[in-house]
Amino acid sequence: MKPSQPLHVLAFLAVALIGVLVGSGLFTFISAEGASYLSNDPKVCVNCHIMREQFDGWQHGSHHAVATCNDCHLPHDNVIHKFFVKGSNGFHHSEAFTTMNFHEPIRIKPGNAKVLEANCLRCHGELTGEITAHGTLGVPTDPTQKADLYGCVRCHQEVGHGPRR
Amino acid sequence: AAAIATILVLALYSSVMKRKTEALQTSFRLVNLDEKTVDPAQWGKNFPRQFDAYQRTNERYSTRYGGAGSEGMAKSRLEADPRLVTLFDGYAFAIDFNQRQGHAYMLQDQRTTKRVTQKPQTGSCLHCHASNTVAYREEGIKQGAPGTLDEPFDSPNARQQLMAGFESVCKMSYQDATKLVQHPVACLDCHDPRNMQLRVTKPGFIRGIAALAQSGDPTPHLPSIEKWRKGDRKEAYDANRDASRQELRSMVCGQCHVEYYCGPKTTLFFPWNKGLKVEQIESYYNEYKFPDGHRFFDWKHAKAGTEVLKAQHPEFETWSQGIHARSGVSCADCHMPYVREGAIKISDHQVRSPLMDISRSCQTCHRFPEAELKTRVEIIQDRTYLLMGAAENAIVGLIQDLDSARRAGVPEAKLQPAMELHRKAQWRLDYVNAENSMGFHAPQETARILAESIDYGRQGQLLVKGLKP
Amino acid sequence: AAAIATILVLALYSSVMKRKTEALQTSFRLVNLDEKTVDPAQWGKNFPRQFDAYQRTNERYSTRYGGAGSEGMAKSRLEADPRLVTLFDGYAFAIDFNQRQGHAYMLQDQRTTKRVTQKPQTGSCLHCHASNTVAYREEGIKQGAPGTLDEPFDSPNARQQLMAGFESVCKMSYQDATKLVQHPVACLDCHDPRNMQLRVTKPGFIRGIAALAQSGDPTPHLPSIEKWRKGDRKEAYDANRDASRQELRSMVCGQCHVEYYCGPKTTLFFPWNKGLKVEQIESYYNEYKFPDGHRFFDWKHAKAGTEVLKAQHPEFETWSQGIHARSGVSCADCHMPYVREGAIKISDHQVRSPLMDISRSCQTCHRFPEAELKTRVEIIQDRTYLLMGAAENAIVGLIQDLDSARRAGVPEAKLQPAMELHRKAQWRLDYVNAENSMGFHAPQETARILAESIDYGRQGQLLVKGLKP
Ligand SMILES: [Ca+2]
Ligand SMILES: [Ca+2]
């Protein structure tokens with residue numbers, strides 16, 4: 001069966017629109033130095049001045065010498081996951097930065113918090129094996145989750161960015 | 001392309017497998033633990049670090065307001081503050097009332113207190129002073145409950161055994177009941193032997209928390225209750241099914257560190273049907289009728305003649321009103337902080353005052369020097385202590401006034417309104433005095449309660465002053 | 001499509017570039033500012049964002065307990081709580097007493113209050129309701145102080161001008177003095193015009209904080225004072241020299257948001273010579289003698305006959321007793337939070353209730369949802385409000401009892417002890433009522449103060465009840 005004429009037009013339009021979207025998105029991404037996401041150097045995160053506070057904090061944090069942004073904020077379980085998170089964060093943050101439309105103070109989002117927690121365990125899993133053997137840690141701030149996942153940070157909030165208050 | 005895809009898929013697969021093996025790896029199991037393993041020494045074979053610390057709850061200490069001192073005997077609260085003898089006149093607490101000490105002492109202290117040796121007490125006392133899961137279930141089976149001890153704790157049969165046994169033990173004399181138990185609170189009371197997950201096992205708590213869930217009182221610090229309320233409510237709230245791990249880290253303590261009734265007139269209960277605030281509990285008691293139809297009271301004051309209430313260690317309730325609870329900080333966070341032992345980090349099972357180990361108990365959350373944190377606690381406690389003294393003075397005054405007025409021939413009916421104020425004032429004072437953090441668990445709320453106690457006490461005096469025989 | 005894409009891309013690109021330039025941009029100096037530039041509009045040419053926000057302090061709002069409402073007139077506190085009329089009987093506050101409103105209104109509100117239009121007041125009132133650095137210095141020069149207005153504020157001559165002018169203005173009538181000023185608090189009062197650094201300029205504060213430094217009262221929240229105490233103490237403590245930037249972020253507010261005396265009998269002063277706690281201030285007043293030898297008091301209560309104290313807005317003192325001060329959190333952190341203007345962060349000069357902008361005021365430190373933080377504040381405030389009512393009831397009762405007893409012919413000497421209790425109780429109640437956070441700045445301390453107020457009030461009543469003519 002041959003596709004009908006209108007469908008062809010629609011398909012063409014769709015492709016064109018997607019192209020525009022991708023193109024402009026990419027451009028914004030690049031001009032806002034979203035490409036920073038592709039590097040492991042913390043300095044490239046502060047290309048975006050919005051990240052200055054976290055960068056300064058990181059320099060004062062206990063992990064300054066042992067972990068960079070990506071060690072904590074990107075998944076390390078597998079490459080696909082890593083680039084997926086990298087890409088979606090990069091795009092989202094570039095967009096937020098360009099439109100200057102985001103909540104301040106900036107707060108880590110649940111998905112990224114899960115990534116973070118997994119990284120704590122990546123480095124400290126052995127040490128904490130006994131306390132995680134019977135389930136994740138949990139904080140009752142989110143009643144929709146029986147135990148949400150940001151357990152380490154509840155007590156060790158300062159490891160990444162130094163004293164918070 | 002196919003090659004790259006294959007590599008990616010393999011990378012993913014291998015990383016997933018690694019996770020799974022890690023999850024299985026726990027500590028070395030030397031002994032098989034089950035619902036019948038009461039003796040902590042058995043558990044200690046699998047978990048020696050926790051067991052060691054658990055045993056160290058027999059170490060004595062004192063802080064400005066906490067601990068029982070390092071002498072052979074626990075510090076007497078009656079000697080420390082003789083006004084208490086007047087305040088508790090006519091009640092067993094006027095005979096013997098000491099500072100709490102470590103968990104290792106709980107059974108022994110109960111067996112030897114003059115409140116037990118000189119006054120008749122029931123088996124309800126054992127609810128919080130011994131490991132009694134097995135004792136209750138055995139007694140329940142004896143009373144005709146179905147099934148055996150082998151059934152898992154969360155099975156319907158086990159629940160029936162537990163509750164039947166509990167009812168039955170509560171009715172025994174203390175002397176008979178105490179023969180059924182041998183250990184202070186033990187691993188089994190807080191842990192599921194299959195996987196070490198936390199759980200609650202005490203009947204008073206199981207019923208009390210379900211009643212609290214039924215009430216409308218907001219519980220922002222216990223979100224699983226608020227979630228249960230939004231559901232169909234067909235099954236009662238069950239902490240072991242509904243609560244998060246973090247909530248259980250407080251609830252296991254809430255099994256005992258709570259206000260309760262455990263006199264002879266009815267089965268032990270936690271008075272949470274209207275909520276966890278001091279007024280809500282008071283109001284529940286005021287509306288509660290004993291089987292004989294009389295309004296609820298704990299004892300009749302020997303001098304004042306008032307039918308008063310006794311408050312006992314409302315730590316769970318007071319914590320619930322504080323900022324820490326609202327912030328998701330549990331009892332275990334402060335009283336059982338993580339400690340590093342060699343290559344492993346575990347919960348400190350030497351449950352005690354956080355001031356004995358401020359760096360672990362407080363400093364992960366509060367980046368202030370130890371001395372500063374200690375000062376913060378002591379400032380809060382000193383303020384509480386001062387107000388508590390003022391409330392005691394007011395009520396001792398009221399008791400004396402009531403006594404003199406009665407001797408001077410003022411008729412009982414005229415004294416009644418002032419006695420009502422005595423009941424209110426004493427309830428509030430005792431709520432704070434019996435609470436064991438000297439105000440720390442909820443500083444402003446505690447001060448508020450004492451302010452009201454003072455007000456009611458002094459108003460009572462004003463009423464009596466106006467009376468003629 | 002290509003055209004659209006190009007437009008889109010260019011638009012986004014330009015917006016990104018804008019962000020980037022903003023990051024570099026600081027401020028342009030269009031006007032030269034110096035010690036004579038009182039008019040904020042001039043400063044506004046260099047710092048338009050701060051000036052815009054500063055002007056918006058004329059926006060009206062109300063929160064549960066804060067703000068003055070959005071009507072044309074500020075809410076009357078006397079209408080909201082008629083007990084205050086009894087409590088302030090015989091004093092100007094019984095005539096007119098309103099909710100505070102924004103800084104833009106301070107001069108106008110003072111000029112039009114019936115406390116000023118119907119009662120004689122002195123020029124001291126202006127200390128906190130106007131930009132008066134220049135006015136004081138000009139008056140000082142007139143009174144013979146050396147030098148000119150061109151000298152920097154921290155020069156000895158300028159200090160001499162300031163103090164001489166202050167003394168002189170305080171002695172004028174309000175009507176004469178108010179002609180010397182035109183602006184509510186202005187940039188010059190808090191900023192050094194050369195470099196915008198924070199500074200304090202109000203004589204009452206300069207003297208008060210030096211007196212506090214001389215006292216032994218611990219000031220963990222003001223470490224520069226503790227440091228000064230360890231030094232040789234040859235020169236008086238000077239905030240502009242000694243205090244850290246973070247301390248100044250509270251001290252600039254402490255220039256006005258403090259307890260003070262500014263009646264006609266002596267020059268305005270801040271009573272901090274013994275410390276910042278409610279009892280320390282009371283004790284300083286009790287020992288303070290007026291030039292005529294009489295013990296310090298603010299007014300004689302019309303009905304009770306007591307020589308009582310008036311407390312005014314002790315925000316700085318109350319904050320000093322709270323956990324935020326101890327944790328190094330300043331007034332400006334909450335009341336002038338950083339806001340992003342484009343890419344720059346500046347201090348919000350629309351000084352107002354933090355509840356109007358919880359995310360910026362609180363969430364930088366507290367990772368809880370806005371609604372939760374608001375609830376925390378309101379729980380604290382509701383408890384305070386409740387106790388405040390109880391204290392008012394006690395003191396209104398005492399006032400009535402004193403009045404009746406006097407009418408019944410009880411001699412003054414016998415009433416004296418009860419009047420002394422009235423003074424204590426009223427001081428504590430007013431300390432909280434006049435404080436503007438309804439307990440938030442130091443929740444437990446505020447509850448403690450109210451508890452004592454209740455106790456003294458009721459004890460006063462008990463004393464009177466026992467008296468015969
Ligand atoms: Ca009780
Ligand atoms: Ca005053």
Side-chain angles (χ1 to χ4, degrees), chain B residues 218 220-221 277 279 321-323 326-328 366-369 371-373 375-377 379-391 393-394 397-398 401 421 425 428 439-440 442-467, chain C residues 218 220-221 277 279 321-323 326-328 366-369 371-373 375-377 379-391 393-394 397-398 401 421 425 428 439-440 442-467:
Chain B
H221 61 307
K277 296 196 197 72
E279 291 85 2
Q321 308 310 322
I323 201 85
R326 283 197 88 98
S327 305
H366 299 286
R367 278 283 151 142
F368 300 100
E372 166 65 13
L373 287 167
T375 309
R376 288 185 185 188
V377 174
I379 288 178
I380 290 170
Q381 293 183 322
D382 287 349
R383 288 193 190 122
T384 308
Y385 184 75
L386 205 104
L387 290 189
M388 204 169 82
N393 289 342
L398 174 55
D401 290 352
L421 287 167
R428 283 164 180 75
F440 177 81
Q444 191 207 15
E445 172 71 355
T446 302
R448 178 187 76 83
I449 295 172
L450 288 172
E452 292 197 351
S453 174
I454 294 170
D455 202 10
Y456 289 130
R458 297 295 184 193
Q459 284 187 41
Q461 288 191 281
L462 279 166
L463 282 190
V464 181
K465 276 261 154 66
L467 296 177
Chain C
H221 61 307
K277 295 196 197 72
E279 290 86 2
Q321 308 312 321
I323 201 84
R326 281 195 92 96
S327 305
H366 297 286
R367 303 176 76 86
F368 300 100
E372 167 63 14
L373 287 166
T375 309
R376 288 185 186 188
V377 174
I379 288 177
I380 290 170
Q381 294 184 322
D382 287 348
R383 288 193 189 121
T384 308
Y385 184 75
L386 204 103
L387 290 189
M388 203 170 84
N393 289 343
L398 174 55
D401 289 352
L421 288 168
R428 285 165 177 74
F440 177 80
Q444 192 207 15
E445 171 71 355
T446 302
R448 179 187 75 85
I449 294 172
L450 288 172
E452 292 198 349
S453 176
I454 294 171
D455 202 10
Y456 289 130
R458 297 292 184 196
Q459 284 188 40
Q461 288 190 281
L462 279 166
L463 283 189
V464 181
K465 276 261 153 67
L467 297 177

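Here is how names work: the chains are called A, B, and so on, in the same order as the sequence lines, proteins then strands, and each is numbered from 1. What you see below is based on every heavy atom in this structure, not just the backbone, and it leaves out hydrogens, waters and symmetry mates. Predicted, not measured: the structure shown is a model, and the values here were computed from it.
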Checklist entry - Looking at CD of C:Glu372 and OG of B:Ser327, how far apart are the two atoms once the value is rounded to the nearest 0.5 Å? => result 7.0 Å

Checklist entry - Rounded to the nearest 0.5 Å, how far apart are CD of C:Gln461 and CD of B:Gln459? => result 8.0 Å

Next on the checklist: Can you tell me how far apart CD1 (B:Ile323) and CD1 (C:Ile323) are? Round to the nearest 0.5 Å.
Outcome noted: 11.0 Å

Checklist entry - So do B:Arg458 and C:Ile454 actually touch side chain to side chain, heavy atoms under 4.5 Å? => result no

Item to check | Contacting moiety of B:Ser453, where chain C heavy atoms sit under 4.5 Å | outcome: neither

Item to check | Sole candidate of C:Arg448, C:Arg383, C:Glu445 that passes side-chain contact (heavy atoms from CB on, under 4.5 Å) when paired with B:Gln444 | outcome: C:Arg383

Next on the checklist: With a 4.5 angstrom heavy-atom cut-off, is it the side chain or the backbone of B:Leu386 that approaches chain C, or both, or neither?
Outcome noted: side chain

Item to check | Gap separating the CZ atom of C:Arg326 from the OG1 atom of B:Thr375, nearest 0.5 angstrom | outcome: 6.0 Å

Checklist entry - Can you name the nearest heavy-atom pair linking B:Ala451 to C:Leu387, along with the distance? => result CB-CD2, 3.7 Å

Next on the checklist: At a 4.5 Å cut-off on heavy atoms, which part of B:Arg376 comes close to chain C: side chain, backbone, both, or neither?
Outcome noted: side chain

Checklist entry - Who wins among B:Ala447, B:Pro443, B:Gly457 for the most heavy-atom pairs under 4.5 Å with chain C? => result B:Pro443

